[in-house]
Amino acid sequence: KMIKLKEYSFKGRIESTINNATQILVRNANYYEVYDSDGGLVYRFPAGSLRFVHERFDSSQSQWFSVFSVILINSDAFSRQMKVEVYEYPSANLVDLRS
């Protein structure tokens with residue numbers, strides 16, 4: 001038997017919780033949206049081709065970092081090259097990217 005814990009009305013895919021599990025990161029089309037634990041929208045920022053990977057805690061800086069990746073494919077008639085770029089940004093500062 002499944003127990004319903006919480007229902008949210010936002011659209012999109014839940015990627016993770018961030019900021020020490022105090023906020024919910026949702027991918028909604030071309031944006032990442034950050035919601036509080038009650039499901040209220042706090043802010044959103046353009047996603048572009050960024051894909052959320054995970055969040056990590058840096059003990060030397062005592063802060064959480066959100067890690068994103070971008071896959072770039074370069075091809076011509078003779079070859080195909082794939083490049084993966086990885087970016088991290090302080091989770092508490094993602095609000096600075098808002099649109």
Side-chain angles (χ1 to χ4, degrees):
K1 183 176 176 181
M2 294 191 66
I3 300 171
K4 184 170 143 182
L5 299 175
K6 187 109 178 176
E7 184 174 317
Y8 296 101
S9 61
F10 51 74
K11 295 181 181 180
R13 182 179 69 229
I14 296 175
E15 296 288 332
S16 184
T17 57
I18 59 171
N19 285 320
N20 200 23
T22 60
Q23 296 178 316
I24 304 164
L25 181 66
V26 174
R27 176 74 184 244
N28 189 359
N30 295 322
Y31 289 90
Y32 280 107
E33 298 174 335
V34 177
Y35 292 85
D36 61 25
S37 59
D38 293 323
L41 179 63
V42 180
Y43 60 91
R44 61 189 260 170
F45 61 94
S49 56
L50 288 176
R51 296 200 181 263
F52 180 79
V53 177
H54 66 97
E55 187 179 48
R56 70 172 190 85
F57 185 73
D58 186 324
S59 58
S60 67
Q61 298 182 51
S62 297
Q63 65 178 328
W64 289 92
F65 284 85
S66 291
V67 180
F68 296 89
S69 68
V70 175
I71 297 174
L72 305 168
I73 297 177
N74 226 354
S75 61
D76 58 29
F78 305 103
S79 67
R80 178 179 284 180
Q81 297 175 350
M82 182 173 75
K83 180 180 176 182
V84 178
E85 295 179 345
V86 178
Y87 301 93
E88 65 178 19
Y89 200 75
S91 296
N93 296 348
L94 288 173
V95 66
D96 297 341
L97 304 176
R98 69 181 165 223
S99 59

Same cluster for [X] and [Y] if Ile/Leu/Val/Met/Phe/Trp/Tyr side chains link at under 4.5 Å?
X: L25; Y: I14; result: no
X: F52; Y: L41; result: no
X: I24; Y: V67; result: no
X: Y87; Y: V84; result: no
X: I71; Y: V53; result: yes

How long is the gap from NE2 on H54 to CD on E88, to the nearest 0.5 Å?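 One finds 8.0 Å between NE2 of H54 and CD of E88.
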
To the nearest 0.5 Å, tell me how far N93 CG sits from W64 CH2.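 Rounded to the nearest 0.5 Å, the CG-CH2 separation comes out at 15.5 Å.
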
For [X] and [Y], indicate whether the former's side chain and the latter's backbone hold a donor-acceptor pair under 3.5 Å.
X: D36; Y: D38; result: yes
X: S91; Y: S66; result: yes
X: N30; Y: A47; result: no
X: R44; Y: P46; result: no

Minimum-distance pair of heavy atoms, taken over all atoms of V70 and S49: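 Looks like CG1-OG, 3.5 Å.
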
Identify the two heavy atoms, one from E55 and one from T17, that lie closest to each other, and give their separation to 0.1 Å.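 That would be OE1-O, 3.7 Å.
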
Test: ring pair (Phe, Tyr, Trp, His ring centres under 6.0 Å). Region: residues 14-38. Which pairs qualify, not counting sequence neighbours?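 Passing the test, one end in residues 14-38: F10-Y35, Y32-F45, Y32-F68.
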
Kindly indicate whether the side chain of [X], heavy atoms from C-beta on, has any atom under 4.5 Å from the side chain of [Y].
X: E85; Y: L72; value: yes
X: L94; Y: I18; value: yes
X: V95; Y: V34; value: no

More than 12 heavy atoms of other residues, nucleotides or ligands under 6.0 Å from CZ of R51: is that the case?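 Incorrect, the count does not exceed 12.
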
